[in-house]
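Report on the structure given below.
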Amino acid sequence: MSGDPSEEELEELRKQKMEQLKEQQGEGDAEAQQAAQEQAEAQKKAILRQHLTDGARKRLNTVKMSKPDVGEQVEQQIVALARSGRVGDQIDEDQMKELLSELTPDSKSFDIKRR
């Protein structure tokens, strides 16, 4: 017993070190991705604040509370319009109603027949 670590112990230490490095790298990627998401969300909010009137913003928030997927779709549409320069001044409540009616599919009716 000379006190030197055996080959198996060295290999085990290498594996542990590699796992630690992979975990650290994964955490760094996750943090960078989260920061990018937060920045994109902040840009989206700034664009919406700039291009929506108070009434339109309230209506959008109401839609988002009842139907989050539709609200998100409308937000993405408004941001796309704003970035392409197709939004004139600001979107008011009436224009928001039109946009919502275009993006919201007609309600489906079901006929149930009993035998």
Quick one, Gln73 with Lys67, criterion side-chain contact (heavy atoms from CB on, under 4.5 Å). Give me CA distance, side-chain angles, the key distance, then yes/no.
CA-CA 10 Å; Gln73 183 182 10; Lys67 297 179 182 178; over 6 Å; no

Verdict with reasoning, Gln43 to Val79, per side-chain contact (heavy atoms from CB on, under 4.5 Å):
CA-CA 9 Å; Gln43 286 177 344; Val79 169; over 6 Å; no

Atom pair [atom1]/[atom2] of [X] and [Y] - distance to nearest 0.5 Å:
X      : Y     : atom1 : atom2 : value
Met96  : Leu60 : CE    : CG    : 4.5 Å
Arg57  : Arg49 : CZ    : CZ    : 7.5 Å
Ile78  : Leu99 : CD1   : CG    : 5.5 Å
Glu102 : Gln77 : CD    : CD    : 8.5 Å
Lys58  : Asn61 : NZ    : CG    : 10.0 Å
Arg86  : Leu81 : CZ    : CG    : 5.0 Å

Can you tell me if Gln16 has over 12 outside heavy atoms packed within less than 6.0 Å of its CD?
yes

Under the salt bridge (charged side-chain N to carboxylate O under 4.0 Å, His left out) rule, what do Glu12 and Lys15 come out as? Steps first, then yes or no, please.
CA-CA 5 Å; Glu12 185 64 31; Lys15 286 181 183 179; 5.2 Å; no

Closest non-hydrogen atom pair, Ile47 against Ala82
CG2-CB, 3.6 Å

Name all residues meeting the side-chain hydrogen bond (donor to acceptor under 3.5 Å, both in side chains) criterion together with Glu93; count only those two or more places apart in sequence or in a different chain, and write none if there are none.
Arg59

Is the shortest distance from a Lys or Arg side-chain nitrogen in Glu11 or Arg14 to a carboxylate oxygen in the other one below 4.0 Å?
yes

Verify, without hydrogens or angle tests, whether Gln95 (side chain) and Asp92 (backbone) share a donor-acceptor contact under 3.5 angstrom.
yes

